[in-house]
Amino acid sequence: MLDIKRIRENFDEVAEGLRRRGASLEGAERARDLDARRRALVMQSDELKTLRNSRSKEIGALKKAGQDTAAVQADVRAIGDQITALDAQLREIETDLEAAMLLIPNVPCATIPTGPDASANRVARVVGEPPAFAFKPLDHIALNERLGLFDLPRGAKLTGSGFPLLQGAGSKLQRALIQYMLDMHTERHGYTEMLPPFVVNSASMRGTGQLPKMAEDMYHCEIDDLWLIPTAEVPVTNVYRDEILDRPLPIYLTAYTPCFRREAGSAGKETRGILRVHQFDKVEMVKFVEPETSYAELETLVANAEEVLTSLGLHYRVLELCSGDISFSAAKCYDIELWAPGQQAWLEVSSCSNFEDFQARRLNCRYRDANGKTRLVHTLNGSGVALPRLMIAILEQCQQADGSVLLPEALRPYLRGLERLEPQAK
RNA sequence: GGAGGGGUGUCUGAGUGGUUGAAAGAACCGGUCUUGAAAACCGGCGUGCCGCAAGGUACCGGGGGUUCGAAUCCCUCCCCCUCCGCCA
């Protein structure tokens, strides 16, 4: 959520930002108008309340003195009726204002490229080399047919399409990767590990911005009004919702969780294999930082995610997303894409964003600065990284001529002697 | 799921309808004193909204209600504790 004062006082600057995104100005204009009406009503209502309070105190005094209070009571009652009417109007306006504010996206950072969509994204860097093959590399689906790491038909039988059943070396590799990443972030990058609930309430979903817009993309348990998390960002960022932090900033948190996404509307698109599924595992990093530091913190966040990939010897690139391609809440965002030689495609495995105070305002998450003044924190998060596509990239980049997959050295301690994924006899 | 108890500021904790944003103590910050520290003493010490400001207003788990007036009464929801039941 944007600062209403920013819309009030710097409307042109906000409008320019929204235009760069290709977003409509309608919401911001509406918010500006509702805000003006709200302030006028608040003034009226507060004045009447002042009057009511002072006259009510008179009644107390009169009663103590044993005098008749009927006339004053009638007066105050009339004032109270006016207040009730004004406050009803006010509530309506505030509800509308809140609704409008929740639908206005963040203003993009001034330095990011301007453009309408992904075509304007800037390649920040390409790291490593694509592996050279003396044979035609297979994609992860073909590789899996020999290796037997995941069983999609049986996953579909258990639940439905898009719910992979990992098995044998596949599940072991997955588990090793999760622990490898968590260890790296906690031991080397200074993050504290969290293992949060995988199901959250609506207030948490609003806090990070999934609600109200993304309700259709999430799994919802009606009876309890609880939601399956689409990313660990939700529970981990909400840890400090409605708090004034007394811990020194920055705070770095990391968590492994499964992620549940309905992916409504994306049926048939990039859905082969485990590229896009309804349930997947991910290690997430979340930062709570002082505003002045958030852009420097974004760079180290990306570096933390990249180290997972470089340490595994994988070829990837980093994109700086343009104004038209960043997500609703983000001011600036880097995507990390792994190279998948089997399908000759770049696969997004991480999205690292600085939300500035956009999430913090919804979350109501503040800290005390050096002068003891409360200020909104800046929040950031990034995947570190998502598992299925990491698995795909490892399979496709590390495949060998004999159909096996030679696993990265760095994972060996986590695989208890497993060095190579071997074709399975059917 | 059943029965009971409870949710007040950073913490402990008073407050059962009237000038209470809230006693008292602790913690914390500033000052005096001290070679320094402690102690003692003095002062400060919640958050949001409106306002140029003075100031006003709202908030005692959330929401709603009664009343001229609610931290205090009523309804409802949430959370915590104890006991019983069920259960991985």
Side-chain angles (χ1 to χ4, degrees), chain A residues 1-10 31-102 195-207 211-212 220-227 235 238-249 251 357-377:
Chain A
M1 193 155 65
L2 291 176
D3 186 355
I4 186 65
K5 287 189 198 124
R6 191 170 173 192
I7 291 176
R8 190 189 300 159
E9 290 162 16
N10 299 305
R32 182 182 56 182
D33 297 343
L34 286 167
D35 174 58
R37 289 171 59 197
R38 182 185 71 93
R39 285 188 298 152
L41 279 175
V42 164
M43 265 195 272
Q44 277 187 58
S45 173
D46 277 5
E47 262 172 47
L48 285 171
K49 281 172 184 165
T50 308
L51 188 60
R52 176 176 67 182
N53 287 344
S54 66
R55 303 229 60 194
S56 275
K57 284 175 185 173
E58 280 175 34
I59 294 173
L62 286 173
K63 285 213 159 155
K64 256 180 200 156
Q67 298 185 28
D68 177 63
T69 59
V72 189
Q73 283 193 30
D75 258 22
V76 178
R77 161 157 275 211
I79 297 168
D81 289 345
Q82 289 182 61
I83 292 173
T84 304
L86 278 178
D87 281 355
Q89 277 184 60
L90 192 57
R91 247 201 312 279
E92 204 174 304
I93 286 175
E94 281 177 343
T95 306
D96 291 351
L97 178 58
E98 172 89 358
M101 292 296 288
L102 287 178
L195 186 53
F198 302 158
V199 177
V200 300
N201 56 33
S202 295
S204 293
M205 285 299 185
R206 269 192 298 276
L211 288 179
H220 183 222
C221 176
E222 298 274 343
I223 294 180
D224 299 301
D225 191 23
L226 295 174
W227 305 79
N238 273 280
V239 164
Y240 296 117
R241 167 157 52 86
D242 291 323
E243 292 193 29
I244 297 175
L245 298 172
D246 49 11
R247 289 179 52 178
L249 297 177
I251 296 171
D357 62 13
F358 190 86
Q359 277 187 331
R361 190 168 291 105
R362 286 180 177 235
L363 285 165
N364 190 27
C365 177
R366 293 164 295 168
Y367 75 106
R368 284 185 209 285
D369 67 14
N371 301 318
K373 194 169 143 45
T374 58
R375 298 175 67 192
L376 292 165
V377 301

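What you see is a predicted model; the values in this text were computed from it and never measured. Side chains included, hydrogens not; waters and symmetry mates left out as well; all remaining heavy atoms used.
- B/A58 and B/G21 have their C1' atoms separated by 11 Å, with the value rounded to a whole Å.
- Here A/Val72 lies out of heavy-atom contact (under 4.0 Å) with every strand.
- Considering only side-chain atoms of A/Ile244, the nucleotide from B/U47, B/G18, B/C50 that sits closest is B/U47.
- Note: CE (A/Met101) to P (B/C49) measures 12 Å, nearest angstrom.
- Between the CG atom of A/Asp35 and the P atom of B/G51 there is a distance of 8 Å, given to the nearest Å.
- Among B/U57, B/U47, B/G51, the nucleotide with an atom closest to any side-chain atom of A/Thr50 is B/U57.
- Between A/Leu363 and A/Asn238, some side-chain heavy-atom pair lies under the 4.5 Å cut-off.
- Residues A/Ile83 and A/Asp81 fail the side-chain proximity criterion, which asks for heavy atoms closer than 4.5 Å.
- Across all strands shown, the partner of B/C83 is B/G2, judged by Watson-Crick or G-U wobble contacts whose two distances both fall under 3.5 Å.
- Atom P of B/C45 sits at a distance of 16 Å from the matching atom of B/C29, rounded to the whole Å.
- Contact annotation: the side chain of A/Arg241 never approaches that of A/Asn364 to less than 4.5 Å [non-hydrogen atoms, C-beta and beyond].
- Taking 4.5 Å as the limit, some side-chain heavy atom of A/Val72 sits within range of a side-chain heavy atom of A/Leu62.
- B/A14 makes up no base pair with any nucleotide shown, lacking Watson-Crick or G-U wobble contacts both under 3.5 Å.
- Look at B/C52: it lacks any Watson-Crick or wobble partner with both distances under 3.5 angstrom.
- To the nearest angstrom, P of B/U57 lies 7 Å from CG of A/Asp46.
- As the counterpart of B/C45, no nucleotide is assigned, since no Watson-Crick or G-U wobble pattern has both distances under 3.5 Å.
- A gap of 47 Å separates the P atoms of B/C84 and B/G69, to the nearest Å.
- As rounded to whole Å, 11 Å separates atom C1' of B/C68 from atom CD1 of A/Ile83.
- When the nearest nucleotides of RNA chain B are assigned to A/Lys5 and A/Arg368 by heavy-atom distance, the more 5′-ward of the two goes with A/Arg368.
- Between B/G48 and A/Arg375, no contact under 4.0 Å exists linking OP1 or OP2 to a side-chain N or O.
- One P atom belongs to B/A39, the other to B/C52, and the distance between them is 46 Å to the nearest Å.
- Using a 4.5 Å heavy-atom cutoff, the side chains of A/Thr50 and A/Asn53 are not in contact.
- The distance from the CZ atom of A/Arg375 to the SG atom of A/Cys365 is 13.5 Å, given to the nearest 0.5 Å.
- If you take atom C1' in B/C86 and the same atom in B/U76, they sit 27 Å apart, rounded to whole Å.
- Residue contacts for A/Asn53: at a heavy-atom cut-off of 4.0 Å it reaches the sugar-phosphate backbone alone, with no base atom in range.
- With rounding to whole Å, A/Asp242 atom CG is found 14 Å from B/C78 atom C1'.
- The side chain of A/Arg52 sits closest to B/G69 out of B/U57, B/C50, B/G69.
- A straight line from CG of A/Asp224 to C1' of B/C77 spans 14 Å, rounded to a whole angstrom.
- Using the Watson-Crick or G-U wobble rule with both distances under 3.5 Å, B/A40 pairs with B/U32.
- At the heavy-atom level, A/Thr69 lies nowhere under 4.0 Å from the strands shown.
- Looking at heavy-atom distances under 4.0 Å, A/Arg55 makes no contact with the nucleic acid at all.
- Atom P of B/C11 sits at a distance of 14 Å from the matching atom of B/G46, rounded to the whole Å.
- Residue A/Thr374 has a polar side-chain atom (N or O) positioned under 4.0 Å from OP1 or OP2 of B/G48.
- Using a 4.5 Å cut-off on side-chain heavy atoms (C-beta onward), A/Tyr240 and A/Val377 make no contact.
- Residue contacts for A/Arg361: at a heavy-atom cut-off of 4.0 Å it reaches no nucleic acid atom on any strand shown.
- One can place CG of A/Leu41 at 16 Å from P of B/A58, the figure rounded to the nearest angstrom.
- When the P atom is used for both B/U47 and B/A38, the distance is 26 Å, rounded to whole Å.
- Take the nearest nucleotide of RNA chain B for A/Glu47 and for A/Gly60: the residue whose nucleotide is more 5' is A/Gly60.
- Taking side-chain N and O atoms only, A/Arg366 has no distance below 4.0 Å to OP1 or OP2 of B/U47.
- For A/Asp75 and B/G69, the CG to C1' distance is 14 Å, given to the nearest whole Å.
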